Amino acid sequence: MARWGFFITFEGIEGSGKSTLAHFLKDRLEALGFEVVMTREPGGTPVGERIREILLTPGLSIEPWSEVFLLLAARYENTRTVILPALQNGKIVLCDRYDDSTMAYQGFGRGLPLRLLSRINKFATLGIKPNLTFLLDLPPLSGLQRKSIDERTRFEEEQVLFHERIREGYLKLARRARKRFVVLDAQKAPEELADQAFLITLQRLKEKGKYRGEIPPP
Ligand code: TYD
C-alpha cells in the first residue's frame, strides 16, 4: 500500500469549468514529474463512454433509477479498470466528476434518497474515496449561458431550479466533508483558479509525504 497514489475529483454544475481546471492541473503536476492519469464520468472507459452517449442524448426519456444504474455501471467500470490500478501504482488520478455528482444530481436534483444513493455509490467506487475534491461553485444561469443551445445535453435541458438544487446540494456536501472539499469561485479567471488549485494540491501532497519540494509563494 506504500505506493498508493492520490485521488482528486472535480465537481460543479454545468459550465463551471471543471474540465479546463483538471487539464491545467494535470500539466502543472506533470511538469513537476508526477505521473497523472486523467479520467471522467460518465465515461473514462470504452463502456463508460457508450453509457455517456445514452445519458446525454437530448430528449431521451430515462427513469431516474435507470439513470442511477447507468451512471453506476460507468463508475464501477472506471473504478475497476482505470482508477484502482492507477492508485495502486502510486499515480495521481484526476477525475472529472465522481460519486458526489450522483449525490448532487440524482439525490438533491432528482430527489432520490441520499442514504441509498450513498450506499450503492460505495459499491460502485469499491469504497475508494477522493483525497481532495474541488467544487467549482457558480450561479446556474451563468454556467448554463456558457453553453450554446446546440451543445445542450439531457441534463442541460432541465429547468434552472433543478440546477439550483444541485448547486445547493453540492454546497451542503462540501459543508459535511470540509477536509476533503475545497470550494472555488468558478467566476474567477481560469488561470487564477488553476494557480489556487495547484497550490492547494501541492500542500495536500506535502502533508501526505508525496511532495518534498518547495511550495511556491502565492
Ligand atoms: P459533464 O460532462 O461533466 O458535463 P459538463 O461538462 O456539461 O459539466 O457531465 C455530464 C452530465 O452528467 C452532467 O450534466 C451531470 C451528469 N451526471 C449526473 O447527473 N450524475 C453523475 O453521477 C455524473 C457523474 C454525471
Side-chain angles (χ1 to χ4, degrees), residues 7-25 38-45 47-79 82-83 93-114 116-125 128-130 133-170 173 184 186 190 193:
F7 185 23
I8 306 176
T9 56
F10 299 83
E11 297 284 354
I13 56 161
E14 326 294 317
S16 56
K18 292 173 283 87
S19 328
T20 311
L21 180 62
H23 280 97
F24 265 122
L25 194 59
M38 178 94 126
T39 184
R40 68 169 176 179
E41 289 201 4
T45 64
V47 170
E49 291 297 327
R50 289 204 178 180
I51 293 176
R52 180 186 178 88
E53 282 172 29
I54 300 174
L55 284 166
L56 300 194
T57 306
L60 185 64
S61 163
I62 306 180
E63 281 292 315
W65 277 110
S66 311
E67 184 174 274
V68 170
F69 296 130
L70 286 167
L71 286 159
L72 293 186
R75 181 157 309 137
Y76 186 83
E77 191 73 16
N78 197 21
T79 306
V82 178
I83 297 171
V93 176
L94 305 183
C95 193
D96 186 348
R97 296 193 183 281
Y98 199 55
D99 56 343
D100 296 306
S101 279
T102 308
M103 302 305 284
Y105 280 76
Q106 282 64 47
F108 290 98
R110 302 240 190 261
L112 298 182
L114 294 169
L116 187 49
L117 288 176
S118 167
R119 279 173 58 196
I120 52 178
N121 240 339
K122 231 175 236 161
F123 188 96
T125 58
I128 296 173
K129 278 294 227 182
T133 298
F134 288 110
L135 170 57
L136 285 125
D137 181 53
L138 185 76
L141 265 182
S142 325
L144 291 170
Q145 277 162 2
R146 288 183 185 179
K147 302 250 174 140
S148 71
I149 298 278
D150 345 317
E151 272 184 315
R152 295 218 167 144
T153 66
R154 244 184 86 244
F155 292 95
E156 284 145 358
E157 288 173 340
E158 294 281 347
Q159 306 289 325
V160 176
L161 261 180
F162 172 73
H163 296 279
E164 284 287 358
R165 288 200 296 277
I166 293 165
R167 181 193 192 191
E168 290 308 317
Y170 266 133
L173 293 172
L184 298 174
L193 285 172

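For ligands, and for the atoms within them, numbers begin at 1 and follow the listed sequence. Predicted, not measured: the structure shown is a model, and the values here were computed from it. Along the sequence shown, residues carry numbers from 1.
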If I compare all heavy atoms of I54 with all of I62, which pair ends up nearest, and what's the gap?
O-CD1, 4.0 Å
Please check if atom CD in E157 has more than 12 non-hydrogen atoms from other residues, nucleotides or ligands closer than 6.0 Å.
yes
Test of proximity, Y105 against ligand 1: N or O pairs below 3.5 Å
no
When you measure from the heavy atoms of R75 to every atom of ligand 1, does any distance fall below 4.0 Å?
yes
Provide, to 0.1 Å, the distance between atom 10 (C) of ligand 1 and the closest protein heavy atom, together with that atom's residue and name.
L56 CD2, 3.7 Å
Would one find more than 12 heavy atoms of other residues, nucleotides or ligands at under 6.0 Å from atom CD of E151?
yes
Considering only the protein, which heavy-atom contact is closest to atom 8 (O) of ligand 1, and what is its distance?
R97 NH2, 3.0 Å
Does any N or O atom in E14 lie less than 3.5 angstrom from one in ligand 1, N or O only?
yes
Check for me whether E156 has a heavy atom closer than 4.0 Å to any atom of ligand 1.
yes
Looking at atom 12 (O) of ligand 1, what's its closest protein heavy atom, distance included?
F155 CE1, 3.5 Å
Closest to atom 5 (P) of ligand 1 among protein heavy atoms sits K147 NZ, 3.6 Å
So, taking the atom named CD in E41 and the one named CD in E11, what distance separates them when rounded to the nearest 0.5 Å?
9.0 Å
Between the side chains of T39 and N78, does any donor sit under 3.5 Å from an acceptor?
yes
Using a strict cut-off of 4.0 Å, indicate which atoms of ligand 1 neighbour a heavy atom of E41.
24 (C)
What protein heavy atom sits nearest atom 20 (N) of ligand 1, and how far off is it?
Q106 OE1, 2.9 Å
Ligand 1 N/O within reach of T102 N/O, cut-off under 3.5 Å:
yes
Check whether any heavy atom of L55 sits under 4.0 Å from an atom of ligand 1.
no
Regarding ligand 1, does S19 bring an N or O atom to under 3.5 Å of one of the ligand's N or O atoms?
no
Got a salt bridge between K129 and D99, using NZ or NE/NH1/NH2 to carboxylate O under 4.0 Å?
yes
Pairwise side-chain contact, L55 with R154, heavy-atom cut-off 4.5 Å (strictly under)
yes
Which heavy atom of P140 sits nearest a heavy atom of I13, and at what distance?
CA-CD1, 3.3 Å
Are T79 and Y98 close enough that a side-chain donor and a side-chain acceptor fall under 3.5 Å?
yes
Is ligand 1 less than 4.0 angstrom away from at least one heavy atom of R52?
yes
